[in-house]
Amino acid sequence: MSFRFACLNGRAQLVVGPNNNVVDLAEASGGKFSAEPIEAFRRWDEVRTFAATVTDPGTPIDVTTLDAPSPWPLQSFGIGLNYKSHAEESGMEPPKTPLTFAKFSSSIAGGYADVPVVGGAIDWEVELVVVIGSGGRNISKKDAWDHIAGVAVGQDISDRALQFAASPPHFDLGKSRKNYSPFGPWLVDAKGLANRDALHMTCTLNGEVVQDSLTDDLIFDVGDIVEYLSGIVQLLPGDVIFTGTPGGVGVSRKPPVFLKAGDVLVSTIDGIGTTTNHCIQG
Ligand code: ZN
């Protein structure tokens, strides 16, 4: 059984029951665990064991107030052109290695964060987001999921004008404005997720479905990405990876469609969670 983990006012929480109540991890464990989310990722197996013993019905909360489940990752990565459907619509050759860029940590936000629309070329990208648990170097593909704490749904919001303002493009800045990396609302423990390599995700814009895909269309799956990245950098507890977006983004539409103030993006991964982002004037 997968447990759910969240962050509220900077403190680690377990999400319990059908009403999504929360139990404060540090308080419920009598101080065995720290309130710091990053400490939970370091000791994820112990947190899982503890979570299975919790019978507290928890405290009701407004899910829109949750922070990102890993609110201040030391490293945050995005993978570009990682779905066949998105590479095709972009008119690009599928990458030979995972096309990697940084989503700087100051862009991380909770799943219900407002998205400031800065300029006229802001785009949506629904993504499966993974958060690293124990981390490490040189993690093989077959062991990758053992080093992942859990998964969530997120948006790799992209300022296309900024992204392509330099040549070669600087993906990192174009995808790192304030609140351009919202994800959540909680993290679902990766262990015991039956269909973790074929999750169904959708994105709606003002109620209309604009993206709809299974994660089994990924060019480089989660195992490939973890093996590739950990062969170069040390993956650290709480690190965040945005794994790529399927076809249906705004820039590839004819004519292109971009976000404007008042728009509402709803992103869902079945069995994992739903986030909602209101677009506001930047
Ligand atoms: Zn993306």
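Order of appearance sets the numbers: ligands from 1, and atoms from 1 within every ligand. All heavy atoms count here, side chains included; hydrogens, waters and symmetry mates do not. Counting from 1, the numbers follow the sequence of the chain as shown.
The existence of a salt bridge linking K103 and D156 is confirmed by a sub-4.0 Å separation between a basic side-chain nitrogen and an acidic carboxylate oxygen. Salt bridge status for R253 with E89: absent, with no side-chain N to carboxylate O gap under 4.0 Å.
The Zn ion (ligand 1) lies closest to atom OE1 when only the N/O/S atoms of E125 are considered. As for D156, its N/O/S atom nearest the Zn ion (ligand 1) is the one called OD2. Its N, O or S atom nearest to the Zn ion (ligand 1) is what matters here, and for E127 that atom is OE2.
Checked by atom type, the side-chain pair D143/S140 shows a donor-acceptor distance below 3.5 Å.
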Check residues 106-120 and write down every donor-acceptor pair under 3.5 Å in which the side-chain atom is one partner and the other belongs to a residue at least two apart or another chain.
residue: S107; atom: OG; partner: F104; partner atom: O; Å: 2.6
residue: S107; atom: OG; partner: S181; partner atom: OG; Å: 2.7
residue: Y112; atom: OH; partner: T274; partner atom: O; Å: 3.4

